[in-house]
Amino acid sequence: MFGSFEQLYQRIELPDALPALLLSSVAFILVMVVLRLLLVRFIQRSIHSVELRRRWLVQARNGFLLLVLFGLVLIWGEALRTLALSLVAIAVAFVVATKELIMCLSGSLLKGGAGAFSIGDRIQIKDFRGEVIDQSLLSTTLLEIGPGKNGHQRTGRMTVIPNALFVGEPVINESYTSDFVLHVFTVPFKRVDNWQAARQALLQAARHQCQPYLDEARRYMKRLNERQGLSVPVVDPRISILVPAADEIHLVVRIPARSFERGMIEQNILTEVFSGESFVAGKGAASAVSPAPPS
């Protein structure tokens with residue numbers, strides 16, 4: 001970067017006719033000063049009205065000032081043009097050299113102005129996911145949550161993200177609802193499996209695990225959505241069916257959970273459902289995704 005600035009600085013060349021330009025400028029200014037003095041003396045001798053004389057003196061002063069500026073621009077025009085081109089080149093080089101730094105500052109202003117997240121929130125941007133533990137003008141530090149996008153435990157790794165990433169990438173805030181969240185996880189089955197019984201078992205286990213705080217979650221979600229002017233979502237545990245392929249059935253479980261307990265509640269539900277019964281056709285083992293360890 002400094003090498004680029006040095007090269008561009010060398011490109012700022014002073015004109016060879018600099019002494020002549022300075023001499024011309026001084027001579028021009030002296031001529032204009034003498035002419036102004038002569039005109040002022042003429043006005044003072046010729047105009048007897050005090051008000052009219054003052055008006056002419058002011059106009060003469062302003063007129064000569066404009067003439068001086070115009071004359072200097074004509075004298076230095078070519079040199080000013082060369083200097084302006086050099087300054088533009090330096091400005092362009094500066095922007096190119098500090099592009100990432102400028103984007104980091106812009107990203108910091110963007111995320112701060114939008115209020116996208118704060119310290120302690122769990123966010124995801126591109127392939128980075130974790131809890132925000134620090135923010136600065138240039139970077140944001142995450143404590144990684146995983147494994148992958150479906151895991152809910154800390155991996156022990158720290159990720160430092162340049163704020164430039166927030167300029168062009170969407171940010172997912174998993175902690176937007178703060179105290180309680182609507183947590184979603186998927187359990188896949190084959191079409192030949194007894195997924196109907198698994199659906200009922202998952203729903204029953206979800207209701208059992210969420211029962212202690214379900215009323216509190218309903219009140220919280222109602223209060224939050226009324227404050228935001230949104231319709232209140234259904235907070236009770238529910239299960240949806242997806243068919244991603246002709247021979248597959250995915251049961252999508254959605255439950256309310258405290259933001260710091262979502263992984264634990266998911267594990268408790270899966271353990272309760274699959275610890276004592278098999279839903280696989282012709283086999284004695286249950287079919288389910290390998291759940292992530294609790295957070």
Side-chain angles (χ1 to χ4, degrees), residues 117 121-131 142 144-155 157 159 165 168-177 180-211 214 217 221 225 230-295:
F117 56 87
D121 286 353
R122 182 179 297 185
I123 67 169
Q124 177 183 330
I125 179 168
K126 292 191 72 174
D127 296 329
F128 305 106
R129 179 168 175 260
E131 295 178 357
L142 303 181
E144 188 181 54
I145 299 293
K149 297 181 179 180
N150 298 320
H152 302 284
Q153 68 173 349
R154 294 176 179 174
T155 63
R157 298 189 300 182
T159 306
L165 203 61
E169 296 292 338
V171 180
I172 300 174
N173 189 342
E174 299 182 13
S175 304
Y176 174 70
T177 52
F180 287 91
V181 297
L182 293 175
H183 177 57
V184 178
F185 62 95
T186 302
V187 183
F189 289 92
K190 297 293 185 180
R191 287 287 295 272
V192 295
D193 295 336
N194 190 9
W195 58 266
Q196 296 90 341
R199 181 173 183 272
Q200 294 299 323
L202 283 168
L203 184 59
Q204 182 178 353
R207 289 171 176 169
H208 174 254
Q209 294 294 332
C210 299
Q211 186 60 41
L214 192 56
M221 289 295 181
N225 284 270
L230 303 174
S231 59
V232 181
V234 177
V235 180
D236 297 67
R238 62 193 308 177
I239 298 179
S240 303
I241 300 174
L242 291 181
V243 186
D247 60 342
E248 291 184 11
I249 293 287
H250 286 190
L251 300 181
V252 181
V253 184
R254 195 194 74 172
I255 57 171
R258 291 185 174 88
S259 58
F260 57 89
E261 291 182 348
R262 67 186 84 180
M264 183 186 70
I265 298 299
E266 176 184 330
Q267 291 295 299
N268 290 343
I269 292 172
L270 294 175
T271 301
E272 182 176 336
V273 170
F274 294 109
S275 59
E277 186 175 355
S278 171
F279 302 99
V280 179
K283 293 183 180 180
S287 175
V289 289
S290 299
S295 56

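- Test Ile125, Leu165, Asp121 against Val171 for side chain to side chain contact (heavy atoms under 4.5 Å, CB included) and you get one pass: Ile125.
- Side-chain contact check for Arg129 versus Ile172: every heavy-atom pair is 4.5 Å or farther apart.
- The two residues Met221 and Phe180 have their closest heavy-atom pair at CE-O, 3.4 Å.
- Looking at Pro256 and Leu214, their side chains come closer than 4.5 Å, going by heavy atoms from C-beta outward.
- Note that CZ of Arg258 is 8.0 Å distant from CD1 of Ile265, once rounded to the nearest 0.5 Å.
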Side-chain donor/acceptor pairs under 3.5 Å, residues 240-248, sequence neighbours excluded:
unit_1	atom_1	unit_2	atom_2	d
Glu248	OE1	His250	NE2	3.2

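- In this structure, CZ on Phe185 lies 10.0 Å from CG on Leu251, to the nearest 0.5 angstrom.
- Here the CZ-CD distance, from Phe128 to Glu144, works out to 9.5 Å after rounding to the nearest 0.5 Å.
- Take Arg191 and apply the side chain to side chain donor-acceptor pair (under 3.5 Å) test, not counting sequence neighbours, and it matches no residue.
- Residues forming a side chain to side chain donor-acceptor pair (under 3.5 Å) with Gln209 (at least two apart in sequence, or on another chain): Glu272.
- Atom CD of Gln196 sits about 10.0 Å away from atom CZ of Phe189, to the nearest 0.5 Å.
- The residue from Leu182, Ile269, Asp236 that alone fulfils the side chain to side chain contact (heavy atoms under 4.5 Å, CB included) condition with Ile255 is Ile269.
- Under the 4.5 Å side-chain criterion, counting only non-hydrogen atoms from C-beta, Ile123 is in contact with Leu142.
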